Amino acid sequence: MDREDRLLVPAIAKIVPSSEQKSFNNKVLRNLGLLESRCHLVAMHDAVHDKLYGDEKERVLFYEQIPSVARMMIGRWKKTLYDPKVGVLE
């Protein structure tokens, strides 16, 4: 995963235009369905705010591209949807 973050993600960011990346992200969220897309947004939020791997540029993109209503619901979704699913893994 670390190798992907260091090599693959920056390469894709340089090659694939941001409009295509945004379109792809929207398609992924639509295909995941309501529950899974909410869990995905919580995971994205946690990833961009991670103290070790988080990145300011990614945080800015998250706040620019994720609607404010969805961002406001992340705390609730984390508690009611995400944590119960992740807790199974621990």
Side-chain angles (χ1 to χ4, degrees):
M1 186 72 161
D2 184 47
R3 177 181 269 170
E4 290 173 356
D5 288 341
R6 286 185 294 109
L7 303 173
L8 189 58
V9 173
I12 290 173
K14 288 185 181 190
I15 295 170
V16 180
S18 62
S19 61
E20 285 184 43
Q21 291 178 35
K22 188 173 184 178
S23 173
F24 176 77
N25 288 343
N26 290 334
K27 287 178 187 176
V28 168
L29 292 176
R30 274 195 307 273
N31 288 331
L32 284 173
L34 192 58
L35 174 65
E36 292 300 322
S37 64
R38 289 175 178 179
C39 289
H40 181 70
L41 285 172
V42 172
M44 287 173 46
H45 177 268
D46 286 356
V48 299
H49 288 87
D50 185 85
K51 290 180 181 177
L52 186 57
Y53 298 107
D55 177 75
E56 181 63 28
K57 188 171 91 174
E58 293 297 320
R59 278 190 290 277
V60 169
L61 286 173
F62 182 84
Y63 282 97
E64 287 175 353
Q65 296 182 8
I66 305 301
S68 61
V69 173
R71 291 193 319 263
M72 288 188 296
M73 295 300 296
I74 286 176
R76 179 174 174 77
W77 293 340
K78 180 172 177 54
K79 185 170 39 171
T80 60
L81 304 172
Y82 184 78
D83 286 345
K85 286 184 110 178
V86 174
V88 173
L89 301 174
E90 294 178 0

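The figures here come from the full heavy-atom set of this structure, side chains too, leaving out hydrogens, waters and symmetry mates. Source: prediction; values computed, not measured.
- Looking at residues two or more places apart in sequence or on another chain, you find a salt bridge (Lys or Arg N to Asp or Glu O under 4.0 Å) between E56 and R59.
- Hydrophobic side-chain contacts under 4.5 Å tie M72 into a cluster, directly or through other members, with V69.
- In this structure the side chain of I66 reaches within 4.5 angstrom of the side chain of L41, judged on heavy atoms.
- M44 contributes atom CE, which lies 8.0 Å from atom CD1 of I74 (distance to the nearest 0.5 angstrom).
- L52 and D50 get closest at one heavy-atom pair: N-OD2, 2.9 Å.
- Partners of Y82 by ring pair (Phe, Tyr, Trp, His ring centres under 6.0 Å), not counting sequence neighbours: none found.
- For the pair K57/V60, no side-chain contact is recorded, criterion being any heavy-atom separation below 4.5 Å from C-beta on.
- Once rounded to the nearest 0.5 Å, the distance linking OG of S18 with CD of E64 reads 10.0 Å.
- With hydrophobic clusters built from ILVMFWY side chains whose heavy atoms lie under 4.5 angstrom apart, Y63 shares a cluster with V48.
- Sorted by first and then second residue, the salt bridge (Lys or Arg N to Asp or Glu O under 4.0 Å) pairs with a member in residues 69-79 read D46-K78, K78-D83; sequence neighbours excluded.
- Between the CZ atom in R38 and the CG atom in L81 there is a gap of 6.5 Å [rounded to 0.5 Å].
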